[in-house]
Engineer: 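Take a look at the following structure, please.
Below, read A as the first sequence line, B as the second, and so on, with proteins coming before strands; counting in each chain starts at 1.
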Amino acid sequence: MSDQEGSLPAGEDLGRREAELRAARRANLAALRERGVDPFKATRFEVTAHASDLHERYADLSAETEPAPNEPFGLGGRLMAVRKMGKNAIWADIWDRSGRMQIYVREDAVGADALAIFDELDLGDIIGVNGSVFRSKKGDLTLRVRSFEVLSKSLVPLPDKWHGLVDVEKRYRQRYVDLIMNEDVRRIFIARSHILAEMRRFCDSKGFLECETPTMLHVAGGAAARPFRTHHNALDVPLDLRIATELNLKRLVVGGLERVYEIGRIFRNEGIDTTHNPEFTMLELYAAYWSVHEMMDFNEELFAHLVRHVLGGDDVVYGERKISFARPFKRIGYFEAMKTYGGLERTDLLDPAGAQSALGSLGLPASQTHGQALDKIFERVVEPNLIDPTFVSDYPVVISPLAKRKDGDPEIVDRYELFGANFELANAFTELNDPDDQRARFEAQIHERKKGNDEIPPPDWDFVNALEYGMPPTAGIGIGVDRLVMLLTNNQSIREVLLFPLQRPIE
RNA sequence: GCGCCUUUAGCUCAAUCGGUAGAGCAUCGGCCUUUUAAGCCGCUGGUUCCGGGUUCGAGUCCCGGAGGGCGCACCA
């Protein structure tokens, strides 16, 4: 590639202004090269501190104690602001992952040639600086630059240094620019990474094995959802992207791994809104010899731990609300909740016709199935009341095809869901391990499927076969990681916690 | 899929009733050795998302389309 104006990627349609701005940077690149500095030749830089390290370490350094301790540091970062003071001194801000550091470049410290090079830099260039810190008269901790290196050149103009990048579409399509400009966005994704790491650490500490099961399957099962279809050329077979990790993880429990989990990407071929993205991340975890009661304790401990770890206390601020995750969480039975919040009776709800009429009296449209009707009623009547974290337990079997029936009450399963801030945070149940019951439920689903419900997956007979070898009593849980991150980072849209949310292609 | 909102300079935003499209930042040229949205002086910068229509005249009004956001529906 030459650094001539016009050597832009084919098809890129630049306005005249942007072309000028880019050309100016190319000219500055050429000028640097003429001085013997090639920004793209650098292969490494010795980073010995991040900005936040220095801010912490020198929190007590005052402007009066200058000269500062003569300890040199090397910082790498992006040049984000430049304030030139005459011909011989430049103040500037560089940003690294941890935050901002002001730097001070003086001719009498770096020499005339180096200052001239610095003078040629553009906002957005990546530099490495060496020097020691002092506190400026205005109180800002500053690195007095003794030497610096140009580590990379930024050839496109950055957004407004004050307003940053605001346009939501551009933020998602060019997330790298968003991350450069918006510190709060950077913090969300750093927090997300910490949440994921802490979830793993927590699960590992309880004796769970992280397992990786295939994302491409011949039969995508374990949930009700339309899959994405793909194709393997060499085998010439159609494949589905998984819609859950459930069945494979339970195969591992059959295999004797006892405690397993996967933090996995799930794909569902459905619409996009503020709480749904076609690919999302779910934690699924299975514990042999546990019932749903042990799982509830585990769940409560995990969430309380994560909230403390990320937010430093028990309270989560979400939108207008403040929600406490102090243990114990509230608990309520499914039918108890329906009765309390909607005055609805168990016997009516368990009757398909009764459920439909309850739906009608709420002013909701008729549902295709009994289960769907119950979901709609619950969503309307109970969910809006679930703000503090609340375990709702004892679900009806009609809406829980993979859960074990409750002993002594065959219409109820050993299942709970955890709600908080008006959305579902976790779904757990005692897993069905009777192969005959499982087979019967798959057979029932075949009829559903034939009726045209294409969200019902075809049966996975090998899974029944696995159960026939014998699976210990097992509890399982699914946690929507993206929604948990939304909650812990106070974001109202899933796209704000996904680095690259799916967008329609341009043109 | 339906409804509402939105799209103007590289970025962030203006533009009265339909009457010559402006500003700040950035860029470019100057001045300034403790500034921090640095400051001061000067220059430059437009396919008003796209395509039609109405009109003497359209960023503005009408129709169609595209992208995005939100809500509803669908969906955990």
Engineer: Just to confirm, is there a sub-4.0 Å distance from OP1 or OP2 of B:C75 to any side-chain nitrogen or oxygen of A:Thr275?
Structural biologist: no
Engineer: Taking any heavy-atom pair under 4.0 Å as a contact, classify A:Arg268: base, sugar-phosphate, or nothing.
Structural biologist: sugar-phosphate
Engineer: Distance check, C1' atoms only: B:A37 and B:C74, in whole angstrom units.
Structural biologist: 46 Å
Engineer: For the backbone of A:Val37 and the side chain of A:Arg33, can you confirm whether one donor and one acceptor N or O come within less than 3.5 Å of each other?
Structural biologist: no
Engineer: Using whole Å, what does the distance between atom C1' of nucleotide B:C75 and atom CZ of A:Arg226 come to?
Structural biologist: 8 Å
Engineer: Under 3.5 Å for both donor-acceptor distances, Watson-Crick or wobble: does B:U35 have a partner, and if so which one?
Structural biologist: none
Engineer: For A:Asp119, is there any backbone N or O sitting under 3.5 Å from a side-chain donor or acceptor partner on A:Lys84?
Structural biologist: yes
Engineer: Checking the side chain of A:Gln445 only, and the main-chain atoms of A:Phe442 only, is there a donor and an acceptor separated by less than 3.5 Å?
Structural biologist: no
Engineer: Show your working on salt bridge (Lys or Arg N to Asp or Glu O under 4.0 Å) between A:Asp178 and A:Lys170 and close with a plain yes or no.
Structural biologist: CA-CA 8 Å; A:Asp178 194 24; A:Lys170 203 159 278 182; over 6 Å; no
Engineer: So, under a plain 3.5 Å distance rule, would you say the side chain of A:Thr142 forms a donor-acceptor pair with the base of B:U34?
Structural biologist: no
Engineer: With a 3.5 Å limit on both atom pairs, tell me what B:A15 is paired to, counting Watson-Crick and G-U wobble, or say none.
Structural biologist: none
Engineer: It should be established whether A:Lys138 places a side-chain nitrogen or oxygen under 4.0 Å from OP1 or OP2 of nucleotide B:U34.
Structural biologist: no
Engineer: Nearest to the side chain of A:His163, heavy atoms from C-beta on, is which of B:U33, B:C75, B:U12?
Structural biologist: B:U12
Engineer: Determine: side-chain N/O of A:Arg16 to OP1/OP2 of B:U47, distance under 4.0 Å, yes or no.
Structural biologist: no
Engineer: Without decimals, in angstroms, what is the distance between A:His276 NE2 and B:C72 P?
Structural biologist: 12 Å
Engineer: What contact category does A:Gln102 fall into here, base, sugar-phosphate, or nothing, at under 4.0 angstrom with non-hydrogen atoms?
Structural biologist: base
Engineer: With sugar-phosphate meaning primed atoms plus P, OP1 and OP2, does A:Asn277 contact a base, only sugar-phosphate, or nothing at under 4.0 Å between heavy atoms?
Structural biologist: nothing
Engineer: In whole angstroms, how far is the C1' atom of B:G10 from the CG atom of A:Leu155?
Structural biologist: 14 Å
Engineer: Taking the six-membered ring of A:Tyr395 (Phe, Tyr or Trp), confirm whether the NZ or CZ of A:Arg415 is under 6.0 Å from its centre and within 45° of its axis.
Structural biologist: yes
Engineer: Heavy atoms only, 4.0 Å cut-off, all strands: where does A:Glu417 land among base, sugar-phosphate and nothing?
Structural biologist: base
Engineer: If only side-chain N and O atoms of A:Lys84 are considered, is one of them under 4.0 Å from the OP1 or OP2 phosphate oxygen of B:A38?
Structural biologist: no
Engineer: Which ones in residues 164-172 of chain A lie close to RNA chain B, meaning a heavy atom under 4.0 Å from one of its atoms?
Structural biologist: A:Gly164, A:Leu165, A:Val166, A:Asp167, A:Val168, A:Glu169, A:Lys170, A:Tyr172
Engineer: Output the single nucleotide from B:C70, B:U33, B:A38 whose closest atom is nearest the side chain of A:Ser493.
Structural biologist: B:C70
Engineer: In whole Å, I'd like the distance from the CZ atom of A:Phe134 to the C1' atom of B:U36.
Structural biologist: 12 Å
Engineer: Using a cut-off of strictly less than 4.0 Å, decide whether A:Gln503 has a side-chain nitrogen or oxygen near OP1 or OP2 of B:G69.
Structural biologist: yes
Engineer: Of all the choices, B:G10, B:A37, B:G45, which nucleotide is nearest to the side chain of A:Lys161 once you look at every atom?
Structural biologist: B:A37
Engineer: Under a 4.0 Å threshold between the charged nitrogen and the carboxylate oxygen, would A:Arg78 count as salt-bridged to A:Asp125?
Structural biologist: no
Engineer: A:Lys137 near the nucleic acid: base, sugar-phosphate alone, or nothing, with a heavy-atom cut-off under 4.0 Å?
Structural biologist: base
Engineer: For the pair A:Tyr318 (side chain) and A:Asn491 (backbone), establish whether a donor and an acceptor sit closer than 3.5 Å, ignoring hydrogens and angles.
Structural biologist: yes
Engineer: For B:U55, which nucleotide is its Watson-Crick or G-U wobble mate, given both distances must be under 3.5 Å?
Structural biologist: none
Engineer: Nearest 0.5 Å please: distance from the NZ atom of A:Lys376 over to the CD atom of A:Gln372.
Structural biologist: 6.5 Å
Engineer: What integer number of Å spans the C1' atoms of B:G59 and B:A15?
Structural biologist: 8 Å
Engineer: When you measure from the side-chain N and O atoms of A:Arg504 to the phosphate of B:G68, is any distance below 4.0 Å, counting only OP1 and OP2?
Structural biologist: yes
Engineer: Measure from the side chain of A:Asp122, starting at C-beta and using heavy atoms only, and say which of B:U36, B:G69, B:C28 lies closest.
Structural biologist: B:C28
Engineer: Output the single nucleotide from B:C74, B:U27, B:C70 whose closest atom is nearest the side chain of A:Leu123.
Structural biologist: B:U27
Engineer: State whether A:Arg242 and A:Glu262 are salt-bridged, where the test is any N-O pair (Lys NZ or Arg NE/NH1/NH2 against Asp/Glu carboxylate O) under 4.0 Å.
Structural biologist: yes
Engineer: Which nucleotide sits closest to the side chain of A:Glu20: B:C74, B:U44, B:U35?
Structural biologist: B:U44
Engineer: Strictly below 4.0 Å: does A:Asn28 bring a side-chain N or O up to OP1 or OP2 of B:C28?
Structural biologist: yes
Engineer: Roughly, in whole Å, what's the span from CG in A:Leu359 to P in B:A73?
Structural biologist: 12 Å
Engineer: Working note: A:Arg100 + A:Asp140, criterion salt bridge (Lys or Arg N to Asp or Glu O under 4.0 Å); need CA distance, chi angles, decisive distance, verdict.
Structural biologist: CA-CA 11 Å; A:Arg100 186 187 81 105; A:Asp140 203 358; 2.3 Å; yes
Engineer: Counting the atoms with a prime plus P, OP1 and OP2 as sugar-phosphate, which does A:Arg173 contact under 4.0 Å by heavy atoms, base, sugar-phosphate, or nothing?
Structural biologist: sugar-phosphate
Engineer: Please give the distance between the C1' atoms of B:C13 and B:C62 as a whole number of Å.
Structural biologist: 27 Å
Engineer: Name the residue closer to the 5' end of RNA chain B, choosing between A:Ala24 and A:Phe280 according to the nucleotide with the nearest heavy atom.
Structural biologist: A:Ala24
Engineer: Assess whether a salt bridge exists between A:Arg106 and A:Asp108, defined as any Lys/Arg side-chain N lying under 4.0 Å from an Asp/Glu carboxylate O.
Structural biologist: yes
Engineer: Name the closest nucleotide to the A:Thr274 side chain, picking from B:C70, B:A73, B:U12.
Structural biologist: B:C70
Engineer: If you assign each of A:Pro159 and A:Asp140 to its closest nucleotide in RNA chain B, which residue comes earlier from the 5' end?
Structural biologist: A:Pro159
Engineer: Does the side chain of A:Arg22 get closer than 4.0 angstrom to OP1 or OP2 of B:G10 through an N or O atom?
Structural biologist: no
Engineer: For B:C28, which nucleotide in any strand shown is its Watson-Crick or wobble partner with both distances under 3.5 Å?
Structural biologist: B:G42
Engineer: Does B:C4 sit syn or anti, given that only angles within 90° of 0 count as syn?
Structural biologist: anti
Engineer: From B:C32, B:G68, B:A9, pick the nucleotide closest to the side chain of A:Arg17?
Structural biologist: B:A9
Engineer: Looking at B:C75, I'd like to know if its phosphate oxygens (OP1 or OP2) sit under 4.0 Å from a side-chain N or O belonging to A:Gln372.
Structural biologist: yes
Engineer: Scan every strand shown for a Watson-Crick or G-U wobble partner of B:C72, both distances under 3.5 Å, and answer none if you come up empty.
Structural biologist: B:G1
Engineer: Pick the C1' atom in B:G71 and in B:G64, then give their distance to the nearest Å.
Structural biologist: 24 Å
Engineer: What distance, rounded to whole Å, do you find between the two P atoms, one in B:C63 and one in B:G69?
Structural biologist: 24 Å
Engineer: Sort out the partner of B:G64 for me: Watson-Crick or G-U wobble, both distances under 3.5 Å, none otherwise.
Structural biologist: B:C50
